[in-house]
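Below is one structure, written out as structure tokens, with a few remarks after it.
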Amino acid sequence: MSRKQEETARVAGQEQLAEGIFSLLLETSLADSARPGQFVNLYCGDRSRLLPRPISICEAGDGRLRLVYRTVGEGTREFAALRPGDEVRILGCLGNGYDLEAAAGRHVVVTGGGLGVPPMLFTARLLWERMERHDALAPAGLTVVPGYRDRQTVFLDREFEGYGRVLYASDDGSIGTKGTVTDVIRAQTDDAEVIYACGPLPMLRSLAGFAEEKRGAGLNITCYVSLEERMACGIGTCLGCVVKTTEVDAHSRVHNARICTEGPVFDSRQIVW
Ligand SMILES: Cc1cc2nc3c(=O)[nH]c(=O)nc-3n(C[C@H](O)[C@H](O)[C@H](O)COP(=O)(O)OP(=O)(O)OC[C@H]3O[C@@H](n4cnc5c(N)ncnc54)[C@H](O)[C@@H]3O)c2cc1C
Ligand code: FES
């Protein structure tokens with residue numbers, strides 16, 4: 001069971017993976033309840049930046065969380081300066097995470113685009129471990145499809161090796177197949193029955209369309225998308241992260257869901273694209 005609490009985490013390490021991309025290792029008791037697809041809110045030490053910064057959980061276990069992030073503004077630049085032994089305030093684990101039970105006995109594709117790749121490492125590892133253990137909830141097969149702009153922008157690659165079949169997509173073909181992750185999935189994974197995805201909105205929209213098309217052709221396919229939109233409070237109170245949904249929310253009676261609490265992961269059929 002995942003629990004949510006605020007605590008002070010200790011920095012166990014930080015390394016730069018590529019230009020502007022950092023991997024931060026935090027010692028925190030939150031690590032042991034983390035689920036793939038969840039995120040944490042990191043608070044800046046500089047009190048002029050009140051809002052926490054949401055970052056997806058890239059890996060978790062043994063009392064440690066790994067977060068992989070790009071420096072885009074003041075908050076993430078401050079995180080990049082953290083050194084082993086420093087402390088950082090953290091709220092987690094937030095959001096629903098992926099429904100990994102849906103993978104049981106089905107062919108699974110785990111896919112991420114750009115900064116959507118990190119949470120897919122934790123997702124792929126847990127699914128792969130279930131396959132190795134012959135767990136009752138294990139998928140029947142696993143394909144990982146990381147998508148990058150080009151070879152220079154790759155920051156997680158070797159880590160996926162050993163977690164099933166790995167097929168890269170890149171805009172210019174400098175790594176893997178030239179094209180989008182949807183192109184690769186369409187052309188090379190005709191057995192996909194469950195897709196777990198995280199990445200930019202156009203990528204998620206295209207995967208949602210692909211799944212819809214397959215369902216139209218009679219296939220039983222489920223596509224889960226993680227919507228990493230802008231957030232403010234991160235805990236469901238400010239309504240700064242609502243997304244239009246196909247069904248009416250039972251409480252508010254409107255076609256809306258809060259990404260930070262009802263999400264960030266949704267079945268693609270729940271979203272108005
Ligand atoms: C659920 C969730 C999970 C996330 N996971 C990751 C992750 O694993 N790795 C990672 O690098 N980033 C992730 N992000 C994005 C990350 O939260 C932002 O990049 C960060 O908050 C920016 O803070 P900042 O102070 O550095 O920049 P700010 O000064 O707040 O913003 C600088 C620039 O970044 C843009 N920006 C801010 N927030 C976002 C956002 N959510 N998406 C896209 N652009 C944004 C702003 O428009 C602005 O141009 C995630 C966001 C969400 C909502
Ligand atoms: S970020 Fe405040 S309600 Fe989601």
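The structure displayed is predicted, hence computed values, not measured ones. Numbering of ligands and ligand atoms starts at 1, following listing order.
Contacts with ligand 2 closer than 4.0 Å are made by backbone heavy atoms (N, CA, C, O) of Thr237 only, the side chain lying farther away. Under 4.0 Å from ligand 2, the heavy atoms of Leu239 that appear belong solely to its backbone.
Residue-ligand proximity, Met231 to ligand 1, at heavy-atom distances under 4.0 Å covers atoms 1 (C), 53 (C). Atom numbering of ligand 1 starts at 1 in the shown order; those under 4.0 Å from a heavy atom of Gly73 are 24 (P), 26 (O), 27 (O), 29 (O), 32 (C). Per-residue contacts place Phe39 under 4.0 angstrom from the following atoms of ligand 1 (heavy atoms of the residue considered): 1 (C).
Atom 4 (Fe) of ligand 2 does not have Cys238 among its coordinating residues (no N/O/S atom, backbone or side chain, under 2.8 Å). None of the N, O or S atoms belonging to Cys233 lies under 2.8 Å away from atom 4 (Fe) of ligand 2.
Checked against a 6.0 Å centroid threshold, the rings of Tyr98 and Tyr196 count as neighbours.
Protein heavy atom at the shortest distance from atom 1 (S) of ligand 2 is Gly234 N, 3.2 Å.
Any N or O atom pair closer than 3.5 Å counts here, and Gly75 shares at least one such pair with ligand 1.
Comparing heavy-atom distances from atom 4 (Fe) of ligand 2 across Cys241, Ala232, Gly95, Gly263 singles out Cys241 as nearest.
Ring pair Tyr69/Phe22 is parallel by interplanar angle, where below 30° counts as parallel and above 60° as perpendicular.
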